[in-house]
Amino acid sequence: MNKHLQQLIDLSIVDKDIDAFEPQIELANAKYETALAKKESIDTDISNLSGEIKDEELRKAKNELHLAELSQKLEANSKKSGDVKTEREMKSLQLEEEIAKEQVTFANEEIQRLEKIIELKKEQVEASRESLIELASNLESVESEVNKKLAVIDKSRQEVFIKKEKLVATMNQKGLTFYQKIRRWAKNSTVVTVEEQACMGCHMIISDKIFADVIKAEDITTCPHCGRILFVKVNEE
(Lines give C-alpha, C1' and ligand atoms only; values in the text may rest on other atoms or scores of the structure.)
Protein backbone atom coordinates (compact mmCIF):
# COMPACT_ATOMS: atom_id res chain seq x y z
CA MET A 1 0.00 0.00 0.00
CA ASN A 2 1.13 3.54 -0.78
CA LYS A 3 2.91 5.01 2.25
CA HIS A 4 1.00 8.31 2.06
CA LEU A 5 -2.34 6.51 1.78
CA GLN A 6 -1.54 4.42 4.85
CA GLN A 7 -0.67 7.61 6.75
CA LEU A 8 -4.03 9.16 5.79
CA ILE A 9 -5.83 6.02 6.92
CA ASP A 10 -3.95 6.11 10.23
CA LEU A 11 -4.68 9.83 10.61
CA SER A 12 -8.40 9.29 10.01
CA ILE A 13 -8.45 6.62 12.74
CA VAL A 14 -6.68 8.95 15.18
CA ASP A 15 -9.08 11.80 14.35
CA LYS A 16 -12.04 9.48 15.01
CA ASP A 17 -10.52 8.59 18.38
CA ILE A 18 -10.13 12.28 19.21
CA ASP A 19 -13.73 13.07 18.22
CA ALA A 20 -14.93 10.11 20.30
CA PHE A 21 -13.79 11.91 23.45
CA GLU A 22 -16.43 14.64 23.06
CA PRO A 23 -19.48 12.45 23.79
CA GLN A 24 -17.53 10.91 26.70
CA ILE A 25 -16.94 14.39 28.13
CA GLU A 26 -20.59 15.36 27.57
CA LEU A 27 -21.76 12.17 29.26
CA ALA A 28 -19.46 12.77 32.24
CA ASN A 29 -20.70 16.36 32.59
CA ALA A 30 -24.37 15.46 32.09
CA LYS A 31 -24.88 14.15 35.64
CA TYR A 32 -23.34 17.27 37.20
CA GLU A 33 -25.23 19.60 34.87
CA THR A 34 -28.51 17.84 35.71
CA ALA A 35 -27.88 18.26 39.45
CA LEU A 36 -26.83 21.88 38.91
CA ALA A 37 -29.96 22.59 36.88
CA LYS A 38 -32.08 21.08 39.67
CA LYS A 39 -30.33 23.32 42.22
CA GLU A 40 -30.96 26.40 40.06
CA SER A 41 -34.60 25.35 39.68
CA ILE A 42 -35.01 25.07 43.47
CA ASP A 43 -33.29 28.45 43.94
CA THR A 44 -35.75 29.97 41.47
CA ASP A 45 -38.70 28.32 43.26
CA ILE A 46 -37.55 29.71 46.62
CA SER A 47 -37.11 33.17 45.10
CA ASN A 48 -40.55 33.06 43.48
CA LEU A 49 -42.23 31.75 46.64
CA SER A 50 -40.52 34.43 48.75
CA GLY A 51 -41.83 37.09 46.38
CA GLU A 52 -45.33 35.60 46.53
CA ILE A 53 -45.20 35.54 50.34
CA LYS A 54 -44.32 39.25 50.39
CA ASP A 55 -47.23 39.99 48.05
CA GLU A 56 -49.66 37.99 50.22
CA GLU A 57 -48.36 39.68 53.38
CA LEU A 58 -48.89 43.06 51.73
CA ARG A 59 -52.49 42.10 50.86
CA LYS A 60 -52.99 40.91 54.42
CA ALA A 61 -51.61 44.19 55.80
CA LYS A 62 -54.00 46.17 53.55
CA ASN A 63 -56.95 44.11 54.79
CA GLU A 64 -55.86 44.60 58.41
CA LEU A 65 -55.63 48.35 57.80
CA HIS A 66 -59.08 48.31 56.20
CA LEU A 67 -60.39 46.29 59.14
CA ALA A 68 -59.03 48.88 61.56
CA GLU A 69 -60.72 51.65 59.55
CA LEU A 70 -64.01 49.75 59.62
CA SER A 71 -63.76 49.25 63.39
CA GLN A 72 -63.27 53.00 63.82
CA LYS A 73 -66.22 53.65 61.56
CA LEU A 74 -68.48 51.30 63.53
CA GLU A 75 -67.35 52.93 66.76
CA ALA A 76 -68.08 56.37 65.32
CA ASN A 77 -71.52 55.22 64.14
CA SER A 78 -72.24 53.86 67.59
CA LYS A 79 -71.56 57.29 69.05
CA LYS A 80 -73.65 58.95 66.37
CA SER A 81 -76.68 56.80 67.17
CA GLY A 82 -77.30 58.85 70.32
CA ASP A 83 -77.56 62.03 68.25
CA VAL A 84 -80.00 60.64 65.65
CA LYS A 85 -83.16 62.71 65.52
CA THR A 86 -85.14 61.32 62.60
CA GLU A 87 -86.11 57.87 61.39
CA ARG A 88 -84.44 58.58 58.06
CA GLU A 89 -81.15 59.32 59.79
CA MET A 90 -81.56 56.14 61.84
CA LYS A 91 -82.11 53.99 58.73
CA SER A 92 -79.16 55.57 56.97
CA LEU A 93 -76.96 54.90 59.99
CA GLN A 94 -78.17 51.30 60.24
CA LEU A 95 -77.47 50.76 56.55
CA GLU A 96 -73.92 52.10 56.92
CA GLU A 97 -73.44 49.84 59.94
CA GLU A 98 -74.70 46.75 58.07
CA ILE A 99 -72.39 47.45 55.11
CA ALA A 100 -69.46 48.04 57.47
CA LYS A 101 -70.16 44.76 59.32
CA GLU A 102 -70.29 42.86 56.01
CA GLN A 103 -66.97 44.42 55.04
CA VAL A 104 -65.55 43.45 58.44
CA THR A 105 -66.67 39.86 57.92
CA PHE A 106 -65.16 39.80 54.42
CA ALA A 107 -61.90 41.39 55.65
CA ASN A 108 -61.57 38.82 58.45
CA GLU A 109 -62.25 35.95 56.04
CA GLU A 110 -59.73 37.37 53.56
CA ILE A 111 -57.10 37.75 56.31
CA GLN A 112 -57.63 34.12 57.38
CA ARG A 113 -57.40 32.96 53.75
CA LEU A 114 -54.19 34.92 53.19
CA GLU A 115 -52.70 33.59 56.44
CA LYS A 116 -53.29 30.01 55.26
CA ILE A 117 -51.69 30.78 51.88
CA ILE A 118 -48.70 32.45 53.55
CA GLU A 119 -48.26 29.52 55.93
CA LEU A 120 -48.45 27.01 53.06
CA LYS A 121 -45.92 28.93 50.98
CA LYS A 122 -43.57 29.22 53.97
CA GLU A 123 -43.76 25.44 54.40
CA GLN A 124 -42.93 25.04 50.71
CA VAL A 125 -39.94 27.37 51.09
CA GLU A 126 -38.72 25.41 54.09
CA ALA A 127 -39.07 22.11 52.24
CA SER A 128 -37.22 23.56 49.24
CA ARG A 129 -34.40 24.81 51.47
CA GLU A 130 -34.04 21.36 53.02
CA SER A 131 -33.89 19.85 49.52
CA LEU A 132 -31.32 22.47 48.58
CA ILE A 133 -29.07 21.55 51.51
CA GLU A 134 -29.26 17.87 50.58
CA LEU A 135 -28.67 18.65 46.91
CA ALA A 136 -25.70 20.92 47.65
CA SER A 137 -24.03 18.08 49.52
CA ASN A 138 -24.78 15.67 46.68
CA LEU A 139 -23.54 18.23 44.14
CA GLU A 140 -20.09 18.27 45.72
CA SER A 141 -19.92 14.48 45.50
CA VAL A 142 -21.09 14.50 41.86
CA GLU A 143 -18.60 17.24 40.96
CA SER A 144 -15.76 15.27 42.51
CA GLU A 145 -16.81 12.12 40.63
CA VAL A 146 -17.09 14.02 37.34
CA ASN A 147 -13.69 15.67 37.79
CA LYS A 148 -12.08 12.26 38.29
CA LYS A 149 -13.71 10.92 35.11
CA LEU A 150 -12.69 14.02 33.16
CA ALA A 151 -9.11 13.69 34.39
CA VAL A 152 -8.95 10.11 33.07
CA ILE A 153 -10.51 11.15 29.76
CA ASP A 154 -8.15 14.11 29.44
CA LYS A 155 -5.12 11.91 30.04
CA SER A 156 -6.23 9.50 27.31
CA ARG A 157 -7.01 12.37 24.98
CA GLN A 158 -3.57 13.91 25.48
CA GLU A 159 -2.01 10.57 24.59
CA VAL A 160 -3.99 10.47 21.34
CA PHE A 161 -3.06 14.08 20.56
CA ILE A 162 0.62 13.23 20.99
CA LYS A 163 0.14 10.25 18.69
CA LYS A 164 -1.45 12.55 16.08
CA GLU A 165 1.36 15.10 16.37
CA LYS A 166 3.97 12.42 15.76
CA LEU A 167 2.04 11.08 12.78
CA VAL A 168 1.47 14.52 11.24
CA ALA A 169 5.19 15.33 11.62
CA THR A 170 6.06 12.42 9.29
CA MET A 171 3.42 13.19 6.68
CA ASN A 172 3.71 14.87 3.31
CA GLN A 173 2.38 18.44 3.67
CA LYS A 174 0.54 18.32 0.35
CA GLY A 175 -1.27 15.11 1.32
CA LEU A 176 -2.10 16.49 4.76
CA THR A 177 -3.60 19.68 3.27
CA PHE A 178 -5.64 17.56 0.86
CA TYR A 179 -6.94 15.42 3.77
CA GLN A 180 -7.82 18.48 5.88
CA LYS A 181 -9.69 20.05 2.97
CA ILE A 182 -11.93 16.99 2.65
CA ARG A 183 -12.32 16.62 6.42
CA ARG A 184 -13.84 20.12 6.72
CA TRP A 185 -17.08 18.78 5.25
CA ALA A 186 -16.71 14.97 5.46
CA LYS A 187 -15.66 14.94 9.15
CA ASN A 188 -14.98 11.34 10.26
CA SER A 189 -15.89 9.92 6.87
CA THR A 190 -12.93 11.59 5.12
CA VAL A 191 -11.28 8.20 4.52
CA VAL A 192 -13.70 5.35 3.83
CA THR A 193 -13.60 1.74 2.68
CA VAL A 194 -14.93 0.32 -0.55
CA GLU A 195 -17.31 -2.59 -0.05
CA GLU A 196 -18.92 -4.53 -2.92
CA GLN A 197 -17.44 -1.89 -5.24
CA ALA A 198 -19.36 0.91 -3.47
CA CYS A 199 -17.97 3.93 -1.62
CA MET A 200 -19.01 3.64 2.03
CA GLY A 201 -19.15 7.42 2.25
CA CYS A 202 -21.84 8.11 -0.35
CA HIS A 203 -22.77 4.44 -1.08
CA MET A 204 -22.42 4.98 -4.83
CA ILE A 205 -20.93 2.30 -7.11
CA ILE A 206 -17.50 3.16 -8.54
CA SER A 207 -16.19 2.08 -11.94
CA ASP A 208 -14.06 -1.02 -12.47
CA LYS A 209 -11.01 1.10 -13.27
CA ILE A 210 -11.26 3.18 -10.10
CA PHE A 211 -11.97 0.05 -8.09
CA ALA A 212 -8.84 -1.55 -9.55
CA ASP A 213 -6.83 1.56 -8.55
CA VAL A 214 -8.20 1.36 -5.02
CA ILE A 215 -7.25 -2.33 -4.77
CA LYS A 216 -3.72 -1.67 -6.06
CA ALA A 217 -3.36 1.17 -3.50
CA GLU A 218 -0.34 2.51 -5.37
CA ASP A 219 -1.69 6.05 -5.11
CA ILE A 220 -4.38 8.02 -3.27
CA THR A 221 -7.72 7.44 -4.99
CA THR A 222 -10.85 9.47 -4.32
CA CYS A 223 -14.50 8.68 -4.95
CA PRO A 224 -15.62 10.26 -8.26
CA HIS A 225 -19.05 10.93 -6.72
CA CYS A 226 -18.29 12.47 -3.32
CA GLY A 227 -14.52 13.08 -3.29
CA ARG A 228 -13.72 10.99 -0.20
CA ILE A 229 -10.44 9.07 0.01
CA LEU A 230 -10.95 5.37 -0.71
CA PHE A 231 -9.19 2.20 0.40
CA VAL A 232 -9.84 -1.51 0.66
CA LYS A 233 -9.22 -3.44 3.87
CA VAL A 234 -6.28 -5.83 3.75
CA ASN A 235 -8.38 -8.97 4.26
CA GLU A 236 -10.62 -7.93 1.35
CA GLU A 237 -7.58 -7.48 -0.88
Side-chain angles (χ1 to χ4, degrees), residues 14-79 95-165 184 187-188:
V14 171
D15 277 336
K16 285 178 184 177
D17 290 341
I18 290 171
D19 288 347
F21 285 113
E22 288 305 317
Q24 291 180 46
I25 292 169
E26 289 176 8
L27 185 62
N29 281 323
K31 188 175 181 181
Y32 177 74
E33 288 171 357
T34 300
L36 191 62
K38 189 174 181 181
K39 178 183 178 297
E40 290 173 355
S41 176
I42 294 174
D43 281 331
T44 301
D45 287 344
I46 290 173
S47 178
N48 290 339
L49 283 167
S50 298
E52 290 170 9
I53 288 170
K54 286 181 180 178
D55 291 341
E56 301 298 351
E57 286 177 338
L58 182 61
R59 291 191 188 96
K60 180 188 171 188
K62 286 180 179 178
N63 275 279
E64 287 173 340
L65 180 62
H66 184 49
L67 189 61
E69 290 171 352
L70 290 170
S71 297
Q72 290 175 359
K73 187 175 182 180
L74 285 170
E75 188 177 343
N77 284 353
S78 179
K79 291 177 181 179
L95 181 61
E96 284 183 17
E97 188 173 342
E98 286 175 5
I99 292 171
K101 285 180 178 179
E102 285 178 2
Q103 290 178 335
V104 166
T105 301
F106 176 79
N108 278 320
E109 288 175 352
E110 185 64 8
I111 288 169
Q112 290 176 2
R113 187 184 73 84
L114 291 170
E115 283 177 345
K116 288 179 181 178
I117 292 172
I118 291 167
E119 185 62 29
L120 179 62
K121 289 185 184 295
K122 283 182 177 179
E123 288 175 2
Q124 290 174 340
V125 168
E126 188 60 31
S128 294
R129 282 176 178 158
E130 288 176 4
S131 297
L132 202 59
I133 292 169
E134 184 181 345
L135 186 61
S137 176
N138 184 49
L139 199 60
E140 290 179 7
S141 174
V142 171
E143 186 178 15
S144 176
E145 181 186 335
V146 168
N147 287 337
K148 287 178 182 177
K149 286 182 179 179
L150 290 176
V152 173
I153 293 170
D154 189 58
K155 184 180 178 182
S156 299
R157 187 167 61 167
Q158 289 304 318
E159 289 173 357
V160 177
F161 274 128
I162 292 170
K163 184 178 178 181
K164 180 177 179 178
E165 287 174 2
R184 285 193 195 101
K187 306 302 180 186
N188 283 327

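In this text the structure is predicted, and so the values were computed from the model without any measurement.
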Distance (rounded to the nearest 0.5 Å) between [X] [atom1] and [Y] [atom2]:
| X | Y | atom1 | atom2 | result |
| --- | --- | --- | --- | --- |
| Asn188 | Lys16 | CG | NZ | 6.5 Å |
| Gln103 | Ile99 | CD | CD1 | 7.0 Å |
| Glu119 | Ile53 | CD | CD1 | 9.5 Å |
| Asn138 | Ile133 | CG | CD1 | 14.0 Å |
| Leu139 | Lys38 | CG | NZ | 11.0 Å |
| Leu114 | Glu109 | CG | CD | 12.0 Å |

Under a 4.0 Å N-O cut-off, is there an ion pair linking [X] with [Y]?
| X | Y | answer |
| --- | --- | --- |
| Lys60 | Glu57 | no |
| Asp154 | Arg157 | yes |
| Asp43 | Lys39 | yes |

Distance-minimising heavy-atom pair for [X] and [Y]:
| X | Y | result |
| --- | --- | --- |
| Leu135 | Ala35 | CD2-O, 3.8 Å |
| Ile46 | Ser128 | CG1-CB, 3.5 Å |
| Ala100 | Leu74 | CB-CD2, 3.7 Å |

Q: For Glu134, look at atom CD and say whether over 12 heavy atoms of other residues, nucleotides or ligands are found less than 6.0 Å away.
A: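 It does not: Glu134 CD has 12 such atoms or fewer within range.
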[Y] and [X], any side-chain heavy atoms less than 4.5 Å apart:
| X | Y | answer |
| --- | --- | --- |
| Gln124 | Lys121 | yes |
| Lys62 | Arg59 | no |
| Glu97 | Lys73 | no |
| Asn63 | Leu67 | no |
| Glu145 | Lys149 | yes |
| Asp45 | Val125 | no |
| Phe21 | Val160 | yes |

Q: Could I get the full list of salt bridge (charged side-chain N to carboxylate O under 4.0 Å, His left out) partners for Lys148, not counting sequence neighbours?
A: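 Listed in chain order: nothing, the list is empty.
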Spell out, as yes or no, whether a donor-acceptor pair under 3.5 Å connects the side chain of [X] to the backbone of [Y].
| X | Y | answer |
| --- | --- | --- |
| Ser144 | Glu140 | no |
| Lys31 | Ala28 | no |
| Ser156 | Val152 | yes |

Q: Apply side chain to side chain contact (heavy atoms under 4.5 Å, CB included) to the pair Arg113 and Lys116, showing each step before the final yes or no.
A: CA-CA 5 Å; Arg113 187 184 73 84; Lys116 288 179 181 178; 5.9 Å; no
(Q) Let's go through Asn29 and Leu150 carefully: what are the C-alpha distance in whole Å and the side-chain angles of both, what is the deciding distance for side chain to side chain contact (heavy atoms under 4.5 Å, CB included) to 0.1 Å, and is it a yes or a no? (A) CA-CA 8 Å; Asn29 281 323; Leu150 290 176; 3.5 Å; yes
Q: Show your working on side chain to side chain contact (heavy atoms under 4.5 Å, CB included) between Asn147 and Glu143 and close with a plain yes or no.
A: CA-CA 6 Å; Asn147 287 337; Glu143 186 178 15; 3.8 Å; yes
